[in-house]
Amino acid sequence: MEIRDQLGRKIELQKIPKRIISLVPSQTELLVDLGLENSIVGITHYCVHPAYLKETKVSVGGTKKVNLRKVKELEPDIILCNKEENTKEMVEALEKVAPVHVSDVASLEDAYKLMGDYGKMFNCEELSFTMVNTIQKKVKSLKKLVANFSEKKVAYFIWDNPLMVAGKGTFIDEILKLNRYKNVYNQERYPQTTMDELKKSNLDICLLSSEPFPFKEKHKVKFESFAKEVQIVDGEYFSWYGSRLMEAMDYFKQLHS
């Protein structure tokens, strides 16, 4: 079977992969929800959903650095990576062990494509089709809810020191647009910012994400003078592009209520 990953790289598979290493938390959860839990042999420290996986699967390290010896010992048929989460050097090293599929998700369409690709790769097309269809229906329902909302100017913070925000070209930015939020930061990816820049932004809402930096209620006071509203939000719902999107649309509806 010949496939292409989301970077357009050609991958040759001799058979349907039965031993999978996933180095991306949202993709690990997606595999489980596609009924592939028994095929997962390796995960990262950060693969926290479902929580019990860390008791039943081998951790091969983090998203930026893995234990290659452990990876080799697991004899994977395929290793799943992500352009943003994993480094180019890591992918190159892993390719010497097994075929590597790299995802690149910056939009809902990219997410749907990834689910469809997994369906083909792992012989679970019917379930992946149902999953995509369910998410699309929930997205449509959310769009209908927010259609007449006035657009709100927001900044989405992912780190505290230094201050970092989600910018353009990110999946988070796509989700902000879906919720009728206008991202005031036009720089690409995850730029650093300052309180002085924040003052000039005339924000409606400061969104403080629960990940990767774990913003808590105590952090809100620092931002309260820069926006009409400061909210702690669940970062997984804004940045995880797998099956969590099914829950995410319900979360966003609650956020607007």
Side-chain angles (χ1 to χ4, degrees), residues 22-30 43-51 53-54 59 61-66 81-87 90 103-107 111 152-179 181-242 244-245 247-248 251-252 254-256:
S22 173
L23 301 180
V24 188
S26 60
Q27 292 173 193
T28 300
E29 182 181 50
L30 172 58
I43 59 174
T44 73
H45 302 324
Y46 304 106
C47 294
V48 295
H49 295 298
L53 272 193
K54 59 186 176 184
S59 173
T63 55
K64 305 301 181 190
K65 187 176 180 181
V66 293
C81 291
N82 173 263
K83 182 183 176 183
E84 187 172 285
E85 292 273 358
N86 312 120
T87 66
M90 179 189 288
S103 64
D104 184 17
V105 181
S107 68
K152 293 185 178 179
K153 292 167 69 176
V154 306
Y156 185 101
F157 285 85
I158 62 165
W159 205 258
D160 186 39
N161 188 18
L163 280 177
M164 293 177 69
V165 294
K168 302 300 181 185
T170 62
F171 188 70
I172 292 170
D173 188 60
E174 170 93 346
I175 296 301
L176 291 176
K177 290 176 193 169
L178 180 64
N179 283 279
Y181 293 146
K182 179 178 173 58
N183 191 348
V184 298
Y185 286 91
N186 292 313
Q187 300 99 314
E188 292 290 313
R189 312 309 293 163
Y190 303 100
Q192 288 189 28
T193 188
T194 63
M195 288 300 186
D196 285 337
E197 282 188 21
L198 207 52
K199 283 178 187 175
K200 302 170 187 174
S201 299
N202 192 26
L203 288 174
D204 292 308
I205 310 175
C206 260
L207 298 173
L208 308 181
S209 179
S210 62
E211 66 160 40
F213 182 86
F215 282 103
K216 307 290 185 188
E217 288 293 319
K218 65 182 180 182
H219 295 106
K220 289 170 68 171
V221 63
K222 185 164 80 171
F223 299 89
E224 285 173 348
S225 61
F226 304 116
K228 297 168 188 172
E229 189 178 347
V230 182
Q231 292 182 8
I232 305 292
V233 293
D234 190 320
E236 291 174 356
Y237 289 131
F238 278 86
S239 63
W240 285 37
Y241 48 78
R244 185 149 292 255
L245 284 169
E247 292 180 21
Y251 171 79
F252 297 140
Q254 291 177 359
L255 210 57
H256 292 297

Using modelled atom types and a 3.5 Å cut-off, is there a donor and acceptor pairing between side-chain atoms of [X] and backbone atoms of [Y]?
X	Y	answer
S22	I43	no
N183	K168	no
N86	L23	yes
Y185	T193	no
R189	G169	yes
K220	I232	no

Is it true that D173 and K177 have a side-chain N and a carboxylate O under 4.0 angstrom from each other?
yes

Is the shortest distance from a Lys or Arg side-chain nitrogen in D204 or K228 to a carboxylate oxygen in the other one below 4.0 Å?
yes

If you compare all heavy atoms of [X] against all heavy atoms of [Y], which two are closest, and at what distance to 0.1 Å?
X	Y	result
G235	S210	N-OG, 2.8 Å
S103	Y241	OG-OH, 3.5 Å
A248	Y237	CA-CD2, 3.4 Å
V184	K153	CG1-CB, 3.8 Å
A155	L203	N-CD2, 3.6 Å
S59	T44	OG-C, 3.8 Å

Let's go through Y251 and E236 carefully: what are the C-alpha distance in whole Å and the side-chain angles of both, what is the deciding distance for side chain to side chain contact (heavy atoms under 4.5 Å, CB included) to 0.1 Å, and is it a yes or a no?
CA-CA 11 Å; Y251 171 79; E236 291 174 356; over 6 Å; no

Which of N161, I158, D160 passes side chain to side chain contact (heavy atoms under 4.5 Å, CB included) with F213? It is D160

Is there side-chain contact between L198 and F157, with at least one heavy-atom pair below 4.5 Å?
yes

Side chain to side chain contact (heavy atoms under 4.5 Å, CB included), that's the test. Do V154 and N179 meet it? Break it down for me.
CA-CA 11 Å; V154 306; N179 283 279; over 6 Å; no

Test of ring centre spacing under 6.0 Å for Y181 and Y156:
no

Is the distance between the ring centroids of F252 and F238 under 6.0 Å?
yes

Flag yes if more than 12 heavy atoms outside K182 fall under 6.0 Å of its NZ atom; otherwise flag no.
no

Please check if atom NZ in K83 has more than 12 non-hydrogen atoms from other residues, nucleotides or ligands closer than 6.0 Å.
no

Is there a donor-acceptor contact under 3.5 Å linking the side chains of E211 and W240?
yes

